[in-house]
Protein chains: 2
Amino acid sequence: MTVTSDPQTQPGTASGARIERYDTRLRDFGALLPAHPSGRSAAAVPPRRGVSFWRESLTLMEQYLTFGRRKVRADDTIYRCGEAFDTLFLISTGLFKVVNLAPDGREQPAGLYFKGDWLGFDGIPTGRHGCSAIALDTGEVWTVRYDALLQASVREPMLMRVMLAAMSGQLARNRDAMLAMGTLPADARVADFLLQWAHALAERGLRTDQINVHMTRADIGNYLGLTLESVSRALSRLARCKVIEFNEKGRRDISIPNLQALSDFIQSVTDPAGRVLQ
Amino acid sequence: MTVTSDPQTQPGTASGARIERYDTRLRDFGALLPAHPSGRSAAAVPPRRGVSFWRESLTLMEQYLTFGRRKVRADDTIYRCGEAFDTLFLISTGLFKVVNLAPDGREQPAGLYFKGDWLGFDGIPTGRHGCSAIALDTGEVWTVRYDALLQASVREPMLMRVMLAAMSGQLARNRDAMLAMGTLPADARVADFLLQWAHALAERGLRTDQINVHMTRADIGNYLGLTLESVSRALSRLARCKVIEFNEKGRRDISIPNLQALSDFIQSVTDPAGRVLQ
DNA sequence: CGCCACTTTGAATTAGCTCAAATTCCGTGG
DNA sequence: CCACGGAATTTGAGCTAATTCAAAGTGGCG
């Protein structure tokens, strides 16, 4: 895929993380598809993602809502599958996983969540949580009662827009995760996992060259539909190919010297034959 | 959310959409799925997505919004990846698939959508669609401008609740699909696919004993992360085990004589060891 | 009737899993 | 400070399930 350099790339984000290079799936699409002539509503709905997005969430929350703060440590449970739902959680700091489990005991991490993400949406339709949310690190969440949020959003519609965008963003992330699980071989799946992680960090203005994976190989494996051995092997292979590096002292810290290289690695797996152009 | 289900709302809608008949079959489902008290999760899998749920969407829409109707035929595109987003689509009748495609050309159906489901959420955060939605059959969608919907939902908060519940329901479905992809072997994955399909039909008061899969084996395979051959083999095996039956004339019509048997089949694969009871 | 796309089935290949052993990390207590 | 033990990780060696490749069968539709 030729990287159609994009007309107006963000010059520089607030923090030093400029990975803008990574093909945010969506942007390249614009170029990839038949140029769609009816571009009338380009400005109708402003693109609402990126660094300013999560910040907006937090800011709006502070302005228009009363909410609680809750500090958490690693392995704390935010909510548990089966509990009654009445409040949502907005992540202020920290890292969280949500795990889904089937009645027969099958279990799988269903997503990773960062600063600015919401937790608890899964309880909305039924009034009862369908997953559990667990902290992977120390952090803080802001708690908002769902009803209060709905009421506040009548006064301040932007609040609702932000929340809808957040939900929709989760949908998109899930879809991408499914795509990876369904179409990528093990190595590339692990690479994609790291890339998405870096992507999520970059979106929030955090550094992406140094990732601390607060998960065991088993957790990663579950998340990706692989065994822990496969994850370990994949990471070793990625390290051997120099697309990642293990930080000395502790193999849980992973460096990504070059995001593009990681992205290319995934490409190279999907295009096994030397496809010259297109 | 307390569903104020009044058995007979709108007597006859303008369009002949005669759905009514709150169906008790769904209750059977509620009993069917969480029936497995294996371990702790008796309540772990809550009654997912209420029945009258989709009905409410359609009713509220009619009351509080102006919307367009659009009839579609098989293979029509509702929206295409990359197009600008400004309207949402509520499915009145028919069956739709949403396909996600990565910049490198990898493609995967990301979900199936039925009566009462919304299409188009994926455009919210970015203002541009990240997937394409395609009709698998003739049907009708109601179109609503996103901005109009937000405004209307200020006047009628229930509208927002319904929409949020719909989004959240999609999140749950995606999570379940991921779980299946990540934890089930091929045969069970196909079985689960059929079971979820039946489940979706039951939720809407449609018959579940006779499913017409309007998808090719290749589509199903893509959706489940399998090859078309694997899907074909899996279906053959399921038929051999009598948990499904092919309708004579056309292997695209599948009968499920006994949903419980299908469910048991999945169980039996996940508990390979002769686990006597529990 | 005949073409074409979809499907089924078989045989060979392989990616990823299971089983098993060795190694490293980290907290705990001497 | 160092020794110890448990947990996480790495790596290897078969094995199995799913893929790939290939060929034959079926149905729909002009």
Side-chain angles (χ1 to χ4, degrees), chain A residues 73-75 106 108-109 136 180-193 212-241 244-254 266 268-273, chain B residues 73-75 106 108-109 136-137 180-193 212-241 244-254 265-266 268-273:
Chain A
R73 281 173 308 170
D75 292 326
R106 277 150 47 222
Q108 189 182 39
L136 288 170
M181 279 217 304
T183 63
L184 294 179
D187 290 1
R189 226 181 291 178
V190 173
D192 186 71
F193 168 75
N212 184 338
V213 182
H214 302 265
M215 298 166 76
T216 67
R217 302 291 190 252
D219 272 334
I220 299 173
N222 272 344
Y223 179 55
L224 298 173
L226 299 170
T227 59
L228 72 167
E229 294 97 328
S230 292
V231 175
S232 178
R233 277 186 246 272
L235 287 172
S236 298
R237 248 175 313 240
L238 289 173
R240 209 171 302 136
C241 297
I244 66 169
E245 278 171 26
F246 287 116
N247 207 345
E248 39 201 295
K249 291 286 178 188
R251 289 174 295 256
R252 230 120 136 178
D253 284 317
I254 294 173
I266 299 171
S268 73
V269 177
T270 46
D271 298 327
Chain B
R73 282 172 309 171
D75 293 326
R106 277 150 47 220
Q108 187 182 41
L136 288 170
D137 197 0
M181 280 216 305
T183 63
L184 295 179
D187 290 2
R189 227 181 291 178
V190 174
D192 185 72
F193 168 74
N212 185 336
V213 183
H214 301 265
M215 298 167 75
T216 67
R217 301 291 189 254
D219 272 333
I220 300 174
N222 273 345
Y223 180 54
L224 298 173
L226 300 170
T227 59
L228 72 166
E229 294 97 328
S230 293
V231 174
S232 180
R233 277 185 246 272
L235 287 171
S236 298
R237 246 172 316 234
L238 289 173
R240 210 171 300 135
C241 297
I244 67 169
E245 278 170 27
F246 287 116
N247 208 346
E248 37 202 296
K249 293 283 179 188
R251 290 174 294 257
R252 228 120 135 179
D253 285 316
I254 294 173
F265 178 86
I266 299 172
S268 73
V269 177
T270 46
D271 298 327

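Here is the naming used below: chain letters follow the sequence lines, and residue numbers restart at 1 for every chain. Just so it is clear, the structure is predicted and the values come from calculations on it, not from any experiment.
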Using whole Å, report how far [atom1] of [X] lies from [atom2] of [N].
{"X": "B/Asp253", "N": "D/dG28", "atom1": "CG", "atom2": "P", "answer": "10 Å"}
{"X": "A/Leu184", "N": "C/dA15", "atom1": "CG", "atom2": "P", "answer": "15 Å"}
{"X": "A/Asp75", "N": "D/dA7", "atom1": "CG", "atom2": "C1'", "answer": "14 Å"}
{"X": "A/Leu228", "N": "D/dT10", "atom1": "CG", "atom2": "C1'", "answer": "10 Å"}
{"X": "B/Ile254", "N": "C/dT8", "atom1": "CD1", "atom2": "C1'", "answer": "14 Å"}
{"X": "A/Glu229", "N": "C/dA20", "atom1": "CD", "atom2": "C1'", "answer": "10 Å"}
{"X": "A/Asn247", "N": "C/dC25", "atom1": "CG", "atom2": "C1'", "answer": "14 Å"}
{"X": "B/Arg237", "N": "C/dT9", "atom1": "CZ", "atom2": "P", "answer": "10 Å"}

No-H, no-angle donor-acceptor pair, A/Arg233 side chain to C/dT18 base, under 3.5 Å:
yes
Select base, sugar-phosphate, or nothing to describe what B/Gly225 touches, counting heavy atoms under 4.0 Å on all strands.
sugar-phosphate
For B/Leu235, answer base if it contacts any base atom (sugar-phosphate contacts may also be present), sugar-phosphate if it contacts only those atoms, and nothing otherwise; contact means non-hydrogen atoms under 4.0 Å.
nothing
Among [options], which nucleotide sits nearest the side chain of [X]?
{"X": "B/Arg217", "options": "C/dG16, C/dT7, C/dT9", "result": "C/dT7"}
{"X": "A/Leu226", "options": "C/dC19, C/dC17, D/dT20", "result": "C/dC17"}
{"X": "B/Thr227", "options": "C/dC17, D/dA18, D/dT20", "result": "D/dT20"}

Can you tell if the side chain of [X] reaches within under 4.5 Å of the side chain of [Y], non-hydrogen atoms only?
{"X": "A/Thr216", "Y": "A/Leu228", "answer": "no"}
{"X": "B/Arg73", "Y": "B/Asp75", "answer": "no"}
{"X": "B/Asn212", "Y": "B/Asp137", "answer": "no"}

To the nearest 0.5 Å, what is the distance between CZ (B/Phe265) and CD1 (B/Ile244)?
9.5 Å
So, A/Ser236 side chain and A/Ser232 main chain: donor-acceptor pair closer than 3.5 Å or not?
yes
On DNA chain C, does the nearest nucleotide to A/Asp187 precede the nearest nucleotide to B/Thr216 from the 5' side, or the other way round? Give the residue.
B/Thr216
